[in-house]
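Here is the naming used below: chain letters follow the sequence lines, and residue numbers restart at 1 for every chain.
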Number of protein chains: 2
Amino acid sequence: MKKTILIFGSLIIALLLLFQFSKYAVVSGDFQVEYIMAIVAIISLTIGLFINNKAQKALSVSNQKIDFKKIEELGLSKREYEVLKEIALGLSNQEIAKKLFVSESTIKTHVSNLLVKLNAKRRTQAIQISKSLNII
Amino acid sequence: MKKTILIFGSLIIALLLLFQFSKYAVVSGDFQVEYIMAIVAIISLTIGLFINNKAQKALSVSNQKIDFKKIEELGLSKREYEVLKEIALGLSNQEIAKKLFVSESTIKTHVSNLLVKLNAKRRTQAIQISKSLNII
DNA sequence: AGTAAAATGGTACTTTAGTATGAGCCTCAC
DNA sequence: GTGAGGCTCATACTAAAGTACCATTTTACT
């Protein structure tokens with residue numbers, strides 16, 4: 001929202017400057033009206049493209065963005081969250097254990113706690129739930 | 001690409017029309033130059049927003065779209081694909097069996113074939129691969 | 001220093017998942 | 001009508017995944 005206001009503010013200023021410039025140019029007779037029109041149109045068009053691009057990107061980013069609040073809310077610990085990410089990559093408990101330099105028992109414990117916290121019955125369900133909650 | 005050309009074509013035509021209109025208006029003296037400038041700017045801005053919006057949407061849709069060609073390429077049968085989707089929802093073999101009105105044995109067979117075709121070792125990996133290939 | 005939470009890991013067990021193999025049935029193309 | 005591919009299902013097995021319980025050790029914080 002702050003960004004939107006900022007962008008629209010600069011936009012208005014830019015337009016005012018443009019009008020001033022065009023007025024001056026017309027009065028002084030250095031340019032033809034059509035050229036100035038063309039310049040104004042192109043600049044406005046560019047601004048339009050730019051604004052929308054920013055807005056869309058902000059939107060798509062927010063859709064991909066990880067909901068850290070939700071992670072806290074669920075009470076997931078650092079280690080549990082790490083394990084969750086590895087599960088989502090399709091690794092087995094043994095593979096995760098090797099990757100994180102701990103025993104498979106430890107991973108099993110983490111996974112078990114993870115499933116309770118995510119209210120999932122299986123790791124596949126944990127993946128689905130995590131994705132729907134935007135935490136991975 | 002075709003769309004891009006089409007959009008830019010219409011854009012150029014629209015600009016030409018605008019210039020003609022502005023020329024006429026200035027000559028006839030009905031409007032002040034500033035107003036015409038403003039109108040041109042607003043219209044161009046709107047066009048800019050519109051173009052970018054279309055382009056971005058087309059992009060985001062293509063990212064979500066399911067790659068049916070890839071499914072064929074992998075040789076996934078109709079039933080196998082159905083099972084794959086259920087796996088991605090986090091269901092167990094037994095649950096999938098009930099949902100599709102077949103025995104668990106059948107699901108196991110499908111899953112096994114599925115894993116070979118997707119070159120996955122586990123169902124969680126199958127989910128990851130499927131998502132990366134845009135087939136679910 | 002004391003404490004609570006987190007991290008680690010072990011044993012023992014049950015449940016799912018996945019493999020291998022074989023077999024019956026159906027459909028569609030040649 | 002024959003064969004290939006797809007769908008179904010069963011048995012028997014191995015391998016993972018997941019649960020329950022307990023016991024240390026680390027870490028972080030007051």
Side-chain angles (χ1 to χ4, degrees), chain A residues 66-133 135-136, chain B residues 66-133 135-136:
Chain A
I66 288 170
D67 191 346
F68 291 106
K69 281 185 193 170
K70 197 77 199 173
I71 296 174
E72 267 190 68
E73 211 176 302
L74 291 167
L76 293 186
S77 73
K78 226 179 300 175
R79 211 54 166 164
E80 283 164 357
Y81 182 60
E82 279 185 86
V83 172
L84 175 60
K85 286 188 291 184
E86 300 300 337
I87 287 176
L89 292 178
L91 302 189
S92 68
N93 290 337
Q94 202 174 40
E95 286 168 342
I96 297 171
K98 280 182 187 169
K99 197 165 175 181
L100 301 184
F101 303 105
V102 292
S103 79
E104 198 187 333
S105 298
T106 306
I107 300 301
K108 282 191 177 187
T109 307
H110 288 321
V111 172
S112 220
N113 294 330
L114 208 49
L115 295 180
V116 173
K117 290 178 183 178
L118 285 174
N119 198 27
K121 289 178 193 159
R122 281 164 293 282
R123 48 170 59 209
T124 49
Q125 201 178 7
I127 294 173
Q128 194 272 321
I129 291 171
S130 300
K131 295 214 171 178
S132 74
L133 294 177
I135 62 177
I136 50 172
Chain B
I66 288 169
D67 191 346
F68 292 106
K69 279 185 195 169
K70 196 77 198 174
I71 296 173
E72 266 191 70
E73 210 176 304
L74 291 168
L76 292 186
S77 75
K78 227 178 299 174
R79 211 54 165 163
E80 285 163 355
Y81 182 60
E82 281 184 83
V83 172
L84 176 61
K85 285 188 292 185
E86 301 300 337
I87 288 176
L89 292 178
L91 302 189
S92 69
N93 289 337
Q94 202 174 40
E95 286 169 341
I96 298 171
K98 280 181 187 171
K99 196 165 177 181
L100 300 184
F101 303 105
V102 292
S103 79
E104 197 186 332
S105 297
T106 307
I107 301 301
K108 280 191 178 186
T109 307
H110 287 321
V111 172
S112 217
N113 294 330
L114 208 49
L115 295 180
V116 172
K117 289 178 183 179
L118 285 173
N119 197 27
K121 288 178 194 161
R122 281 164 293 282
R123 49 169 60 210
T124 48
Q125 201 179 7
I127 294 174
Q128 195 272 321
I129 292 171
S130 300
K131 296 214 171 181
S132 74
L133 294 177
I135 62 178
I136 50 170

Just the rounded figure in Å: distance from [atom2] of [N] to [atom1] of [X].
X	N	atom1	atom2	answer
A:Gln125	D:dA17	CD	P	17 Å
B:Lys78	D:dC7	NZ	C1'	11 Å
B:Leu114	D:dT8	CG	P	14 Å
A:Leu74	C:dA6	CG	P	13 Å
A:Lys117	D:dT19	NZ	P	14 Å
B:Asn113	C:dA20	CG	P	11 Å
B:Leu100	D:dC9	CG	P	11 Å
A:Lys98	D:dA16	NZ	P	10 Å

For B:Lys117, run the salt bridge (charged side-chain N to carboxylate O under 4.0 Å, His left out) check against B:Glu80, B:Glu72, B:Glu73 and tell me which one passes.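 The passing option is B:Glu80.
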Phosphate OP1/OP2 of [N] contacted by [X] side-chain N/O (<4.0 Å):
X	N	answer
A:Asn93	D:dA16	no
B:Ser77	D:dC7	yes
B:His110	D:dT8	yes
B:Ser112	C:dG18	no

Among [options], find the nucleotide with the atom closest to the side chain of [X].
X	options	answer
B:Ser103	D:dC9, C:dT11, D:dG18	D:dC9
A:Arg123	D:dA17, C:dT11, C:dG18	D:dA17
A:Arg79	C:dG9, C:dA7, D:dC7	C:dA7
B:Leu115	D:dT19, C:dA7, C:dG18	C:dG18
A:Lys108	C:dA7, D:dT8, D:dT19	D:dT19

- Between A:Arg122 and B:Val102, name the one whose nearest nucleotide on DNA chain D is closer to the 5' end.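 The 5'-side residue here is B:Val102.
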(message) Salt bridge check, B:Glu82 against B:Arg79: does any charged N sit closer than 4.0 Å to a carboxylate O?
(response)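 Yes, this pair counts.
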Please determine, by modelled atom types, if B:Thr106 and B:Ser103 share a side-chain donor-acceptor pair under 3.5 angstrom.
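B:Thr106 vs B:Ser103: donor-acceptor pair found between side chains.
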**Request:** For B:Thr106, report the nucleic acid contact type (base, sugar-phosphate, nothing); a contact means any heavy atom under 4.0 Å.
**Result:**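 Result for B:Thr106 = base.
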Exercise for the section: Identify whether any heavy atom of B:Ser92 sits under 4.0 Å from a base atom; if not, whether one sits that close to sugar-phosphate; answer base, sugar-phosphate or nothing. Expected result: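 If one applies the 4.0 Å heavy-atom cut-off, B:Ser92 turns out to touch the sugar-phosphate alone, with no base involved.
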Check step by step if side chain to side chain contact (heavy atoms under 4.5 Å, CB included) holds for B:Lys131 and B:Ile136.
CA-CA 6 Å; B:Lys131 296 214 171 181; B:Ile136 50 170; 3.7 Å; yes
**Prompt:** Okay, side chain of B:Gln125, backbone of B:Lys121: is any donor-acceptor separation there less than 3.5 Å?
**Reply:**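 The answer is yes, because a donor-acceptor pair under 3.5 Å joins these two groups.
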